[in-house]
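First comes the structure, then the notes that go with it.
These figures come from a predicted structure and were not determined experimentally. Proteins come first, then strands; the chains are lettered A, B, ... in the order of their sequence lines, and each starts at number 1. Because only heavy atoms are used, hydrogens play no part in the values below, and waters and symmetry mates are left out as well, while side chains stay in.
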Amino acid sequence: MPGLTAIVNALLVPVFDRLQPGASPGVRTSERADLQVDGALALARSLHRAPREVAEEIARQAWADGLEQVCLSVEVAGPGFLNLTLSDQFVAHALGAMATDDMLGAERAARPVKVVVDYASPNAAKQMHVGHLRSTIIGDCLVRLLGFVGHQVVRENHIGDWGTPFGMLIEHLVDIGEDKAAHELAVGDLELFYQQARSAYDSDPAFADRARARVVLLQSKDPETLRLWRLLVDQSVAYFDRELRRLGTCLTRDDVVGESSYEPLLPKVVEDLEALGLLVESEGARCVFPPGYSKRDGQPLPLIVQKSDGGYTYAATDLAALRDRVERLGAGLVVYVVGLPQAQHLGMVFAVARMAGWLPEGTEAVHVGFGNVLGPDGKMFQTRQGGTIKLADLIDEAVERAAAVIAGRSPGQERLGADELGEVARAVGIGAVKYADLSTDRSRDYRFDWGRMLAFDGNTGPYIQYAHARVCSIFQRAGQEMAGAPVAFGPLSEPEERLLARRLLGFGDAVAAAVDAYAPHKLCGYLFGLASAFTDFYEHCPVLRAPDEATRASRLALSGLCGRVLAKGLDLLGIEAPRRM
RNA sequence: GCCCCCGUAGCUCAGUGGACAGAGCGGCCGCCUUCUAAGCGGCGGGUCGCAGGUUCGAACCCUGCCGGGGGCGCCA
């Protein structure tokens, strides 16, 4: 279903086209009117005419062309803007159409493709931390958004399960014994395991020698080494699965496609690069030099695919993965939810893939980068001791803090039972963490602050959830299901009804904006505006005690649609919407 | 030295070509016999890092500079 701006835009395009082919009406939402049209100003310039005069002419012609069907009035304002006031009938009609649309007014992708989303990507035998949390939360939201608008989404959790670190990890496993190692990994004590392996490697030359020898065994597919490696990876994956499940993500064990999966493809990547004449041997390493990248000294910067010792680099793995996703899976778009420091590396990988023809015309690879997670002090988010914050501890703390806030609610209201309180605390705590991450521009560093993310005021998860719970409360008192809310929207005579209606009709545009820019925060911003508009409406417009039956039905319809949009919006963010809080 | 990201109210952040730059928090003042006051309204608060340029119009685009962070050959 086309959005509101699209409908009005379509009405105006012929008028603009007549004055100058291709001119854009520039319809947008506005604080001064239901919709605003900016295009007359730009048009006036290229026609060398007075802007207000052009605006008047457009208004007249558009009115005759059918704008009358949807608008109560069109006014020329300021230097030449058109302010549109939509007619009540049209707003009511649009709301009705939205309420009966299973996309709630969002538009399907014009060209649906298979999209691979590469996200989360923790390292086997290593703790998951806040960096993985960001990738996971943002990636999961994009998976939901892209799927919602009709793309076929393939999730890939590209875990680090191959390479030189596994020599020392396997030797450490051998040293402490398989049973003990399995136990440590199973209970999620990966930090300890990794650090011990690391320190043995750094301090014990004999251990380091064994570790290096083990890498060779692993690469030559020695059966016993592979068995031990498998043990490490399986335990790690089981641990990741538990944490990701608790977080409430779309990722499952089936989505784990580790670096090792691409290992068999690496020789062919290098062979083919060589056959294409792209491979250059430099200082013993085998490299590709994509144009546009340079080193400190201004010389071309290589993407090293094979080291001088014959080992493959992660550039080779990334190339193999990208190639596999396009060639075998048939991906038209591959999205990498990876930290911003990887921008140059991924840019080079994409460039080389293009040069090699592995990323043909019409297919696209996108780096959806993100900034660091900072602590409340503005420095890297760490424990007081300077250690990594475990994802599991973070989730525990979120749920505990949410429970404390919920338990401290003002007296005189219905108390939640212990079971429900636990469930709500889980939804609110985890939702707060996710929302805080998603609600700011992902390319910036973001400051992790418990107090702010769990506040019930402002652009927070709990605030949106609370607005939804209030809608549910109305329906509970009315003895109705929200899903079965009326879809007949009345006159909307109060300003708060009107504003709520306008905000509701913006859902499709908000989804499109978030998808187009891979920017979840645009959806968050929309939901905050909607929740605010609902709260305003709720304060000023009694629903169940409305003055008359028609108003009551209309307000119930508005509430119901709002509740559904809030729930859907939260769902797209990967956040639950409890019915009571 | 080159490249990338960031710089907006005391704080945390929206806004990336359109009308007087917005929100939340914090501060001050109001609002609960009324569908959840976990809320709402009001007041105060900004040379949009600096300087040029393009444009009818710039926080937004271009150039230079300042400040913070990151990257720049065999770790991933």
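Among the atoms of the strands shown, none is found under 4.0 Å from any heavy atom of D161(A). Looking at heavy-atom distances under 4.0 Å, Q306(A) makes no contact with the nucleic acid at all. Counting non-hydrogen atoms under 4.0 angstrom, T440(A) reaches the backbone sugars and phosphates but no base. Within 4.0 Å (heavy atoms only), H345(A) reaches no atom of the nucleic acid at all. Across all strands, C524(A) comes closer than 4.0 Å to no nucleic acid atom at all (heavy-atom distances). Contacts of R447(A) with the nucleic acid, taken as non-hydrogen atoms under 4.0 Å apart, involve only primed sugar atoms and P, OP1 or OP2. Residue-level contact check: A77(A) touches the bases, meaning some heavy atom is under 4.0 Å from a base atom. Across all strands shown, L41(A) has heavy atoms under 4.0 Å from base atoms, whether or not it also approaches the sugar-phosphate. D536(A) comes within 4.0 angstrom of the backbone, heavy atoms only, and of no base.
Minimum atom distance to the side chain of Y466(A) is reached by A37(B), of the listed C74(B), C56(B), A37(B). Comparing atom distances between the Q342(A) side chain and each of G71(B), A76(B), U36(B) picks out A76(B) as nearest. Closest to the Y463(A) side chain, of the nucleotides C35(B), A38(B), C40(B), is C40(B). Out of A76(B), A38(B), A37(B), the shortest distance to the side chain of R470(A) is found at A37(B). Distances were taken from every side-chain heavy atom of R32(A) (C-beta onward) to each of C20(B), C40(B), C74(B); the shortest belongs to C20(B). Listed candidates were C35(B), C40(B), U36(B). Nearest to the side chain of V543(A) is C35(B). Distance from the side chain of R444(A) is smallest to A14(B) among C5(B), C40(B), A14(B). Here the nucleotide nearest the side chain of S282(A), chosen from G73(B), A19(B), C25(B), is G73(B). The side chain of K307(A) has C74(B) as its nearest neighbour among C2(B), C74(B), G7(B). Here G73(B) is the nucleotide among G18(B), G73(B), U55(B) with the atom lying nearest to any side-chain atom of K295(A).
Across the C1' atoms, A59(B) and G15(B) are found 8 Å apart, a figure rounded to whole Å. Comparing the P positions of C4(B) and C61(B) gives a spacing of 14 Å, expressed to the nearest Å. A14(B) sits 11 Å from U8(B) when the P atoms are compared, rounded to a whole Å. C48(B) and G27(B): their C1' atoms are spaced 23 Å apart (whole Å). Comparing C56(B) with A9(B), their C1' atoms sit 30 Å apart, to the nearest whole Å. Annotation: C74(B) and U16(B) have their C1' atoms spaced 40 Å apart (nearest Å). Taking atom C1' on both U12(B) and G64(B), the two are 31 Å apart, rounded to the nearest angstrom. Atom name C1', nucleotides A58(B) and G39(B): the rounded distance is 39 Å, in whole Å.
Glycosidic conformation at C20(B) (O4'-C1'-N9-C4 for purines, O4'-C1'-N1-C2 for pyrimidines): anti, more than 90° from 0.
C25(B): Watson-Crick or G-U partner is G10(B), with both key distances under 3.5 Å. Shown here, C20(B) forms no base pair; nothing in the strands shown gives a Watson-Crick or G-U wobble contact with both key distances under 3.5 Å. Nucleotide G57(B) forms a pair with no other nucleotide shown, judged by Watson-Crick or G-U wobble geometry with both contacts under 3.5 Å.
Ring centroids of H158(A) and Y262(A) are separated by less than 6.0 Å, placing the two rings close together.
Evaluation of atom-type donor-acceptor distances gives no pair under 3.5 Å for the side chain of E259(A) against the base of A76(B). Side chain R286(A) to base G73(B): no donor-acceptor pair is found below 3.5 Å. Side-chain to base pairing of D457(A) with A23(B): no donor and acceptor N or O lie closer than 3.5 Å to each other.
The aromatic rings of F534(A) and F537(A) sit tilted relative to each other, their planes meeting at an angle between 30° and 60°.
In the displayed structure, R52(A) atom CZ is contacted under 6.0 Å by more than 12 heavy atoms of other residues, nucleotides or ligands. Within a 6.0 Å radius of CD in E75(A), no more than 12 heavy atoms belonging to other residues, nucleotides or ligands are found.
Look at F81(A) and the base of A19(B); the rings stack, centres closer than 5.5 Å and planes less than 30° apart.
In the model, D202(A) has no side-chain atom that pairs as donor or acceptor with a side-chain atom of S199(A) under 3.5 Å. When only modelled atom types and interatomic distance are considered, H345(A) and D318(A) share a side-chain donor-acceptor pair under 3.5 Å. Using a 3.5 Å distance cut-off with no hydrogens or angles, the side chains of N459(A) and S439(A) do not pair a donor with an acceptor.
For the pair R214(A) and F166(A), the cation does not sit on the ring face, since its NZ or CZ is not both under 6.0 Å from the ring centre and inside 45° of the axis.
At the phosphate of C13(B), neither OP1 nor OP2 sits under 4.0 Å from any side-chain N or O atom of R452(A). Listed pair R552(A) / C35(B) fails the phosphate criterion, with no side-chain N or O lying under 4.0 Å from OP1 or OP2.
Atom CG in L266(A) sits about 19 Å away from atom P in C74(B), given to the nearest Å.
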